[in-house]
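Structure, as structure tokens:
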Amino acid sequence: MKMKNHGNNHYEMELDHGRLHVFANDEVFQSFEQRVYEMADNNLRIPRNLHMSYTPDAHVGIGTCIGTTAVWSLKDGFVSPSIVGVDIGCGMRVHTTSLHKKDIQDKGVRRELIKAIEKNVPTNERTNTNYADIDIMEVVKHGLKGLPESYIPSERWLTHVEEATFQFDHTYLEKLPAKIGKYAHGQLGTLGGGNHFIEIQYLEIAEKHQQLAAQWGLFDGQVVVMIHSGSRAWGARLGQEFTKVFREAMHSWGIENPDRNLMYAPVSSVEGQTYLNLMYSALNFAVSNRHMIAFGVREAFREVFGEKEELPVLYDLMHNYALKEFHRNQPMLVHRKGATRALPAGHFLNTAAYKATGHPALIPGSMGTSSFIMVGREEGLKNFYSICHGAGRARSRKATKELVTVDEFAQSLKVGTEEEILVNHRSLQTILDECPQAYKDVDQIIDSVVGASLADVVAVCKPMVAIKGI
């Protein structure tokens with residue numbers, strides 16, 4: 001394996017079947033295990049790859065690493081459900097408030113907020129949606145524009161998002177997996193488990209970007225809400241089904257890969273077109289799910305602080321998808337599995353609301369650590385404008401439970417102090433596998449991205465409340 005160091009946290013690895021770009025500082029780069037390069041080489045066996053990279057949060061996944069950006073031409077390229085992941089459309093959302101940190105410093109106020117949010121946002125896997133009046137099929141067809149008007153607080157909730165509607169050929173809905181509606185029914189506006197969360201945070205604005213932060217309506221000490229969730233059972237069922245479909249197709253075509261979990265097909269194939277179109281239905285479900293979670297959070301804030309709290313959306317974006325984008329004057333299919341798009345000011349792919357400034361790129365930390373609001377730089381072109389999607393796991397859930405104690409987790413959350421990060425779980429043991437020690441150092445991840453000139457930090461988000469699925 002040959003390596004070229006381009007400087008500025010950018011390495012280029014020449015593997016047996018192609019080139020892999022790695023964006024990481026020295027400390028993070030040295031921490032990568034050999035398996036991530038083996039997985040990249042297996043991915044590069046897919047013909048006609050135009051670009052493949054790892055962001056600093058990259059770690060071993062199923063079929064491909066989380067933290068991968070992989071690009072093929074739409075004309076003669078390939079699509080891979082494995083390089084999208086089963087949580088199709090998983091992503092981030094941030095809403096701002098008029099509140100200052102001091103307004104919710106009192107633990108009693110924060111506990112009241114937790115109670116109100118749990119009333120308005122189902123966090124228990126066995127609890128159904130509060131929005132049974134919403135037609136799921138309208139949502140998967142039209143995204144946010146498929147929601148009843150009563151659930152759209154303002155036009156901003158439709159304009160300050162990566163996409164309000166992901167358009168696709170609705171005739172492909174006839175090929176949906178059996179019982180997908182049964183599994184997804186009752187899940188719209190629900191949080192889900194694992195690493196999904198609702199956090200109440202306060203901002204520290206980066207000195208370099210005070211003016212940009214003000215343009216976005218951000219200020220020092222401001223209370224914001226960050227949401228992390230995806231397409232729930234709708235995307236999961238699609239991911240599972242098309243893993244089987246692609247596996248059978250590859251077998252019939254005589255295509256093999258050393259990694260039996262890596263599935264792919266030509267974009268132009270029946271399998272490729274079916275997956276792409278139905279994947280877009282999951283993206284519509286995902287953005288609508290986060291929208292309805294936010295709607296419930298808004299109701300909770302208004303119950304506690306009065307109806308003056310509008311909670312305008314700052315931005316909503318995804319980090320698990322294969323998106324049709326124009327680069328180098330040609331249509332391409334950009335896979336991002338655990339990678340976030342960060343477009344710079346003036347880029348034509350920006351939503352209209354953020355074309356002049358570039359959009360907020362929302363990067364969560366691990367539970368108990370800082371999250372970040374960033375903005376893309378023009379130099380991001382070298383990585384198709386992809387940056388990290390979070391801290392990235394450093395160890396498995398099982399290993400975390402074996403190595404980390406509840407007391408260590410509690411210390412990370414500053415339990416017993418005035419700065420305690422309150423959680424909605426009665427016992428930290430139940431969410432021990434989501435402790436900060438399970439993840440890489442998010443500060444090193446952000447340093448890698450900034451040092452590679454892919455994006456800049458606009459604001460640091462400090463957690464005050466963390467709400468996890470039960």
Side-chain angles (χ1 to χ4, degrees), residues 28 31-36 38-39 54-68 82-92 123-126 187 190-199 226-233 235-237 239-240 243 259-262 286 319-320 337-339 363-371 388-413 415 421 423-445 463 466-470:
V28 174
S31 72
F32 285 129
E33 58 184 297
Q34 183 61 29
R35 180 61 181 147
V36 302
E38 293 171 0
M39 296 194 81
Y54 285 156
T55 44
D57 51 334
H59 58 283
V60 171
I62 298 175
T64 193
C65 286
I66 293 91
T68 294
S82 310
I83 316 182
V84 170
V86 292
D87 193 359
I88 302 169
C90 182
M92 306 303 304
T123 57
N124 190 310
E125 281 291 319
R126 293 177 294 278
Q187 290 195 331
T190 65
L191 187 58
N195 60 0
H196 293 169
F197 64 79
I198 300 167
E199 276 196 2
M226 179 175 280
I227 296 167
H228 179 208
S229 192
S231 54
R232 309 289 279 113
R237 289 291 294 170
Q240 293 161 7
T243 295
D259 190 338
R260 297 187 70 255
N261 291 313
L262 178 57
H319 49 231
N320 278 3
K337 183 177 184 178
I363 309 300
S366 53
M367 189 175 177
T369 68
S370 297
S371 297
C388 58
H389 85 304
R393 291 197 77 91
R395 54 179 58 93
S396 70
R397 296 183 184 279
K398 180 181 178 182
T400 300
K401 291 179 179 179
E402 292 172 349
L403 293 171
V404 183
T405 68
V406 171
D407 286 344
E408 288 171 330
F409 188 13
Q411 188 175 358
S412 300
L413 298 177
V415 172
I421 301 163
V423 299
N424 63 320
H425 283 249
R426 294 179 180 176
S427 170
L428 293 181
Q429 182 67 48
T430 61
I431 51 173
L432 184 59
D433 55 356
E434 279 297 309
C435 68
Q437 294 87 341
Y439 289 84
K440 298 182 184 183
D441 181 347
V442 70
D443 291 329
Q444 291 294 322
I445 303 303
I467 296 173
K468 304 284 289 186
I470 298 174

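Positions are given from 1, in the same order as the sequence printed here. In this text the structure is predicted, and so the values were computed from the model without any measurement.
Counting all heavy atoms, side chain and backbone alike, Thr190 lies closest to Ser229 at O-OG, 3.9 Å. The minimum heavy-atom distance linking Ala394 with Lys440 is given by the pair CB-N, 3.8 Å. Listed here is the closest heavy atom pair of Leu432 and Thr400: O-CG2, 3.6 Å. Closest heavy-atom contact between Gly338 and Ile66: CA-CG2, 3.8 Å. Considering all non-hydrogen atoms of both residues, Ile88 and Gly235 come closest at CD1-O, 3.7 Å. Nearest approach of Phe32 to Ala58, heavy atoms of both residues: CE2-O, 3.4 Å.
Residues His196 and Cys90 meet the side-chain proximity criterion, which asks for heavy atoms closer than 4.5 Å. Contact check for Met226 versus Pro364: side-chain heavy atoms found under the 4.5 Å cut-off. Ser412 has its side chain within reach of Gln437: a pair of non-hydrogen atoms, C-beta onward, lies under 4.5 Å apart.
If you look at His389 and His228, their ring centroids are not closer than 6.0 Å.
Side chain of Tyr54 to backbone of Val36: a donor-acceptor contact under 3.5 angstrom is found. The main-chain N or O of Ile467 is never found under 3.5 Å from a side-chain atom of His425 such that the two would form a donor-acceptor pair. Remark: side-chain polar atoms of Ser231 are not paired, donor with acceptor, to backbone N or O of Gly89 under 3.5 angstrom. Within the 3.5 Å criterion, the main-chain N or O of Asn261 finds a donor-acceptor partner in the side chain of Ser82.
Remark: His59 pairs with no residue by the ring pair (Phe, Tyr, Trp, His ring centres under 6.0 Å) rule, at least two apart or across chains. The salt bridge (charged side-chain N to carboxylate O under 4.0 Å, His left out) test applied to Glu38 returns Arg35, not counting sequence neighbours. Take Asp441 and apply the salt bridge (charged side-chain N to carboxylate O under 4.0 Å, His left out) test, not counting sequence neighbours, and it matches no residue.
Going from atom OG1 of Thr64 over to atom CD1 of Ile83 covers 4.5 Å, rounded to the nearest 0.5 Å. To the nearest 0.5 Å, the span separating CZ on Phe197 from OG on Ser371 amounts to 5.0 Å. To the nearest 0.5 Å, the span separating CD1 on Ile62 from NZ on Lys337 amounts to 7.0 Å. Atoms CG and OG, on Asp57 and Ser366 in that order, are 12.0 Å from each other to the nearest 0.5 Å. Leu413 CG to Ile431 CD1: the interatomic distance, rounded to the nearest 0.5 Å, is 7.5 Å. The structure places CE of Met367 at 11.5 Å from CG of Asn195, a figure rounded to the nearest 0.5 Å.
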Steps toward side chain to side chain contact (heavy atoms under 4.5 Å, CB included) verdict (Arg237, Arg232)
CA-CA 9 Å; Arg237 289 291 294 170; Arg232 309 289 279 113; over 6 Å; no

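Salt bridge annotation for Lys468-Glu199: absent, with no cationic side-chain nitrogen under 4.0 angstrom from a carboxylate oxygen.
Annotation for Gln411: atom CD does not count as buried by contact number, only 12 or fewer foreign heavy atoms lying within 6.0 Å.
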